[in-house]
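Below is one structure, written out as C-alpha cells; the observations come after it.
Owing to the predicted nature of the structure, the values given are computational and were not obtained by experimental measurement. For this chain, numbers begin at 1 and follow the sequence in order. Counting convention: from 1, in listed order, for ligands and their atoms alike.
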Amino acid sequence: MSTLDHTPAAVPSSITITRPDDWHLHLRDGAVMASVLPHSARQFGRAIVMPNLKPPVTTTADASAYRERILAAVPQGVNFDPLMVLYLTNNTSPDEIRRAQDSGIVQAVKLYPAGATTNSDLGVTDLKNCYKVLEVMQEVGMPFLVHGEVTDPEIDIFDREAVFIERVMRPLRSAFPALSVVFEHITTKDAAQYVAEAEGPIAATITAHHLLYNRNEIFKGGIRPHYYCLPILKREEHRLALMTAAASGDERFFLGTDSAPHAQGAKEMACGCAGCYTALHAMEMYAEAFERAGALDKLEAFASFHGPAFYGVPRNTDSITLKRESWTLPASLPLGDSHVIPLNAGEQINWKMV
Ligand SMILES: NC(=O)N[C@@H](CC(=O)O)C(=O)O
Ligand SMILES: [Zn+2]
Ligand SMILES: [Zn+2]
C-alpha cells in the first residue's frame with residue numbers, strides 16, 4: 001500500500017473526524033466474534049451487523065439473542081452499538097417484520113439471493129415470494145439491504161452486479177417506490193451511476209478495498225485468495241467510479257467495510273471462501289484511499305454523516321483521530337481457535353488511528 005497514485009500538495013499530518021459507523025459488517029459468532037469485535041469497536045460507534053450466521057438470524061428473537069452475545073463481548077469501557085438485521089428467506093412472514101419494527105433493535109432486513117455469497121443457501125430464490133413482506137417493510141419504513149448480484153451461472157461473474165440492476169433492482173424499486181433500499185458493497189460504475197441517478201430512497205455502501213484495488217490485485221504474482229470477496233474486485237474504471245462517488249459529497253454513498261473474517265485455512269485452499277478481513281485497519285484504509293484521491297476533506301461526511309442521515313439516527317458525538325504515520329500490519333491474527341490473515345498482512349500502511 002506504500003505507493004501513492006497522487007500526492008496532493010499538502011497532506012495533513014493528522015485528521016480528526018466525528019466517530020464513524022460501519023454500515024456493513026460481519027462479526028460472526030462465539031469465539032470468532034470475540035476475536036474480531038474489538039477491532040471494529042475501536043474505530044466505529046455503531047455497526048450494521050450482517051445476519052448470515054449458520055443458521056442465519058431470521059427472527060427478532062434470534063436478533064435479540066445475538067445482540068446480547070455481541071454486547072457481552074464488547075471490551076470494558078468501549079461504547080459500541082450493534083444494529084441488528086434479519087436475513088430474509090422465502091418463508092419470512094409479514095408478522096415477523098412488524099415484530100422486528102416494534103422491537104426497536106432490528107434496523108433492517110437483508111436480501112441474500114440464494115447461492116450468491118457466503119452462507120446464502122437459505123436466501124431468497126425469487127423476490128416475488130417476498131412481496132407481502134416487502135409491502136409491510138415499505139409501510140413501516142424498514143430498510144431493505146441488498147446483496148446485488150444475480151446468481152444465474154450463465155452470467156459472467158464480473159457482470160453479475162450490473163445485470164442485477166436490470167433484472168432485480170429496477171423491477172423491485174418500481175414495485176415498491178417508497179421502500180428504503182441500500183445497494184450493499186457496490187463494485188461497479190453501473191451501480192454507482194444507478195444509485196446517484198435513481199428516484200426515491202436509495203443509498204449504497206462502499207468498502208475500503210473496492211476503493212483501493214482493482215481486480216489485478218487478486219492475481220499479482222500468483223493467485224492471492226485474501227483479495228477474493230464478493231462481489232469480486234472489478235476493473236480500474238469501476239474503482240475510479242466508486243472513488244468518485246465516495247468523494248462526491250452525495251449523501252447516498254456511505255461507509256460499509258464488509259469486513260468478513262474467514263479462518264486462514266478456509267481461504268487458502270482449492271475452493272476458498274469469499275471475504276476480506278479489514279476490520280483491523282478499516283479507517284486507515286479509507287484514509288489512504290481518500291488521500292490518494294486528493295479528497296481527505298470528504299472522508300468525514302462519507303464515514304460519519306451520510307449513514308446516520310439515511311438510517312434516521314443521530315451522528316456520533318465523539319471523534320477519532322488518524323495520524324499520517326506508517327506502521328506494518330501483522331501477518332496473522334487470532335480468530336477463535338484458528339487464525340485470520342488480514343488484508344494487507346505484513347504490508348505497510350500510511351495512516352494510524354490514535
Ligand atoms: N463479502 C464477502 O465476500 N463475504 C461475506 C458475505 C457478503 O457480504 O456477501 C461473508 O460473509 O463472508
Ligand atoms: Zn454481500
Ligand atoms: Zn457482507
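- Using a cutoff of 4.0 Å between basic side-chain nitrogens and carboxylate oxygens, E284 and K352 are not scored as salt-bridged.
- Between D81 and R67, at least one side-chain nitrogen of the basic residue sits less than 4.0 Å from a carboxylate oxygen of the acidic one, meeting the salt-bridge criterion.
- With respect to the Zn ion (ligand 3), H26 has NE2 as its nearest N, O or S atom.
- Contact shell of ligand 1 (protein heavy atoms, cutoff 4.0 Å): H24, H26, R28, N52, T117, T118, H147, H185, C229, L230, D258, A260, H262, A274, G275.
- A search for ring-ring contact (aromatic ring centres under 6.0 Å, His included) contacts involving F44 returns nothing, not counting sequence neighbours.
- The count of protein N, O or S atoms under 2.8 Å from the Zn ion (ligand 2) stands at 2, with waters excluded from the count.
- A salt bridge links E139 and R98; the closest N-O separation between the charged side-chain nitrogens and carboxylate oxygens is under 4.0 Å.
- Contact check on E184 versus K110 returns no salt bridge, with no Lys/Arg side-chain nitrogen under 4.0 Å from an Asp/Glu carboxylate oxygen.
- Ion pairing between a basic and an acidic side chain is recognised when a charged N comes within 4.0 Å of a carboxylate O; R46 and D21 show such pairing.
- Taking the six-membered ring for Trp and the full ring otherwise, the centers of F302 and Y286 sit less than 6.0 Å from each other.
- Within 6.0 Å of the CG atom in N79, the count of heavy atoms belonging to other residues, nucleotides or ligands does not exceed 12.
- For E199, the CD atom counts as loosely surrounded, since its 6.0 Å shell holds 12 or fewer non-hydrogen atoms of other residues, nucleotides or ligands.
- Think of Y112 as one node in a network of Ile, Leu, Val, Met, Phe, Trp and Tyr side chains linked at under 4.5 Å; its network also takes in W23, I48, M50, L83, V85, Y87, L122, L145, V182, F254, F310, Y311, V313.
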